[in-house]
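Remarks on the structure that follows.
Residue numbers run from 1 in the order of the sequence given.
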Amino acid sequence: MGASHFSLGTGCLASCPVLMAILIGHPEWKHVSALKQLSTTSVEMKLQRSIEIWKMGIVNYLDALKLQERLFSDRKAGKILDVMLSLQHPPTYTLGKRRTYHNLLVPEADLKAIGAELHYTERGGDITFHGPRQAILYPIISLRDIGFGARKYVEGLESAMIELAALYGVKAHAGKVGETGVWVEDRKIGAIGVRISSGITSHGLAFNIDPDLNYFKHIVPCGIPDKGVTSLRRETKMELPSDELIHEQLIQCLARIFRFSDLQWKQEPSSLDTGELK
């Protein structure tokens, strides 16, 4: 007779103890068992998704933008795995690709007097403000690899901020149609502006921990009139921990939603050197 071949499923074997006992004694059974173990290990490895988290502190907006562009190109080319930048900016206003200048309520020339800058981007969304005491995350990830479309991705960003607010007893919610972001009643606590090209993301979200809300008086935040802006400090009754811890909590929320199980933390990577970004 020729070589033996096993083609019975494990369900069939489990339902027939006598057959199971015979097969376990067969000299080829150890090979089947080894293959099954290898298959299980391969599935577990495939399900484990890794992402690098770059903790960067306060970073000039243009430096962060150049870094995002470089990382985006590298991720698109398959040179790197997924990355998330965790940082804050000096006071900065940014306009999205629609260039809605009318939502800037002061002359651009006057911004220097209030200690702010204005920058133009290719992200979606309207004008917004970035500054100290915000948790800003810029994921550079492949949506195809995590099986997300654009809408589901944005909803994931919203869900992460809603979960973070809930940790501090604040009931937040996603906006209505045309009101992207996260709100506490009619006050915005988290903004979203993303760019997706070739399935790779850049830009991201900004969650208000305790920024100077006076800066928002000079714009129509996200182009939505008659709405307020708020912060976690203003809404919670709890004492807040350090900004760094809140950043980490937001990252953990986002990682769970996007199914990243292996978070590799990097403290202020040397790749931010301005000489490398020019």
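Two residues are said to be in side-chain contact when any heavy atoms from C-beta on lie closer than 4.5 Å; Gln68 and Arg195 fail this criterion. At a threshold of 4.5 Å between non-hydrogen side-chain atoms, the residues Gln252 and Leu263 count as touching. Here the side chains of Asp74 and Phe72 are not in contact, with every heavy-atom distance at 4.5 Å or above. The closest side-chain heavy-atom distance from Ile136 to His89 is below 4.5 Å. When side chains are defined from C-beta on, Asp243 counts as touching Gln88, because their heavy atoms get closer than 4.5 Å. Side chains of Val220 and Leu105 form a contact here, defined as non-hydrogen atoms less than 4.5 Å apart. A heavy-atom distance below 4.5 Å is found between the side chains of Ile192 and Met161. Side-chain atoms of Ile219 and Asn103, non-hydrogen and from C-beta on, never get closer than 4.5 Å to each other.
Between Arg49 and Asp262 there is no salt bridge, since no side-chain nitrogen of the basic residue lies less than 4.0 Å from a carboxylate oxygen of the acidic one. Under 4.0 Å is where a charged nitrogen must lie from a carboxylate oxygen, and between Glu185 and Lys171 no such pair does. Remark: Glu163 engages Arg256 in a salt bridge, criterion side-chain N to carboxylate O under 4.0 Å. Under the 4.0 Å criterion applied to side-chain N and carboxylate O atoms, Lys112 and Glu117 are not assigned as salt-bridge partners.
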Open item on the list: Run the side chain to side chain contact (heavy atoms under 4.5 Å, CB included) test on Leu250 and Leu205 for me, step by step, so that the C-alpha distance in whole Å, both residues' side-chain angles and the decisive distance to 0.1 Å come before the verdict.
Closed with: CA-CA 11 Å; Leu250 181 57; Leu205 64 81; 3.6 Å; yes

- [ ] Using the side chain to side chain contact (heavy atoms under 4.5 Å, CB included) rule, take Leu254 and Phe260 through it: C-alpha gap first, then chi angles, then the decisive distance, then the call.
- [x] CA-CA 9 Å; Leu254 204 58; Phe260 290 108; over 6 Å; no

TODO: Please lay out, stage by stage, how Arg123 and Val194 fare under the test side chain to side chain contact (heavy atoms under 4.5 Å, CB included).
DONE: CA-CA 5 Å; Arg123 62 163 174 78; Val194 302; over 6 Å; no

- [ ] Please assess Ser50 against Asp82 for the test side chain to side chain contact (heavy atoms under 4.5 Å, CB included), listing each intermediate value before the final yes or no.
- [x] CA-CA 7 Å; Ser50 300; Asp82 294 323; over 6 Å; no

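Other residues, nucleotides and ligands place more than 12 heavy atoms under 6.0 Å from the NZ atom of Lys227. Within a 6.0 Å sphere centred on CG of Leu81, other residues, nucleotides and ligands contribute 12 heavy atoms or fewer.
Atoms CG and CE, from Leu232 and Met238 in turn, are 9.0 Å apart once rounded to the nearest 0.5 Å. With rounding to the nearest 0.5 angstrom, the OH atom of Tyr61 is 10.5 Å from the CG atom of Leu118. Note that the CD1 atom of Ile146 and the CD1 atom of Ile51 stand 8.5 Å from one another [nearest 0.5 Å]. Atom CD of residue Gln267 and atom CH2 of residue Trp54 lie 13.0 Å apart, to the nearest 0.5 angstrom. Between His203 atom NE2 and Leu137 atom CG the span is 14.5 Å, to the nearest 0.5 Å. The distance from the CG atom of Leu213 to the CZ atom of Arg233 is 12.0 Å, given to the nearest 0.5 Å.
Of all the heavy atoms in Ala174 and Ile162, the pair that sits closest is N-CD1, 3.6 Å. Nearest heavy atoms, Ala206 versus Gln134: CB-OE1, 4.0 Å. Smallest separation of non-hydrogen atoms from Ile251 and Met84: CG1-SD, 4.2 Å. Closest approach of Ala160 to Ile257, counting heavy atoms only: N-CD1, 3.5 Å. Of all non-hydrogen atoms in Pro139 and Thr201, the two that sit nearest each other are O-OG1, 2.7 Å. Between Val182 and Ala172, the closest heavy-atom pair is CG1-CB, 3.6 Å.
Using the six-membered ring where Trp is involved, Phe129 and Phe216 have ring planes that are perpendicular, over 60° apart on the 30 and 60° scheme. Using bins of under 30°, 30° to 60° and over 60° for the plane-to-plane angle, the ring pair Phe258/Tyr153 lands in the parallel bin. Ring planes of Tyr93 and His218: perpendicular class, angle over 60° (limits at 30 and 60°).
Under a cutoff of 6.0 Å and an axis angle of 45°, Lys176 and Trp183 do not form a cation-pi pair. In this structure, Arg259 fails the cation-pi test against Phe148, since its NZ or CZ atom is not both closer than 6.0 Å to the six-membered ring centre and inside 45 degrees of the ring normal.
Proximity of a side-chain donor or acceptor of Thr92 to a complementary backbone N or O of Pro90 within less than 3.5 Å is detected. Between the Thr121 side chain and the Leu95 main chain, a donor and an acceptor come within less than 3.5 Å of each other.
If you check the side chains of Thr230 and Glu235, you find a donor sitting under 3.5 Å from an acceptor. Using a 3.5 Å distance cut-off with no hydrogens or angles, the side chains of Asn208 and Ser231 do not pair a donor with an acceptor. Judged purely by distance below 3.5 Å, without hydrogens or angles, the side chains of Ser202 and Arg75 never pair a donor atom with an acceptor atom. His247 and Gln249 are not linked by any side-chain donor-acceptor pair at a separation below 3.5 angstrom, with hydrogens and angles left out of the test.
Ile58 and Leu87 are members of different hydrophobic clusters when ILVMFWY side chains are connected at heavy-atom separations under 4.5 Å. Both Tyr168 and Val184 are assigned to one and the same hydrophobic cluster, defined by single-linkage of ILVMFWY side chains at heavy-atom distances under 4.5 Å.
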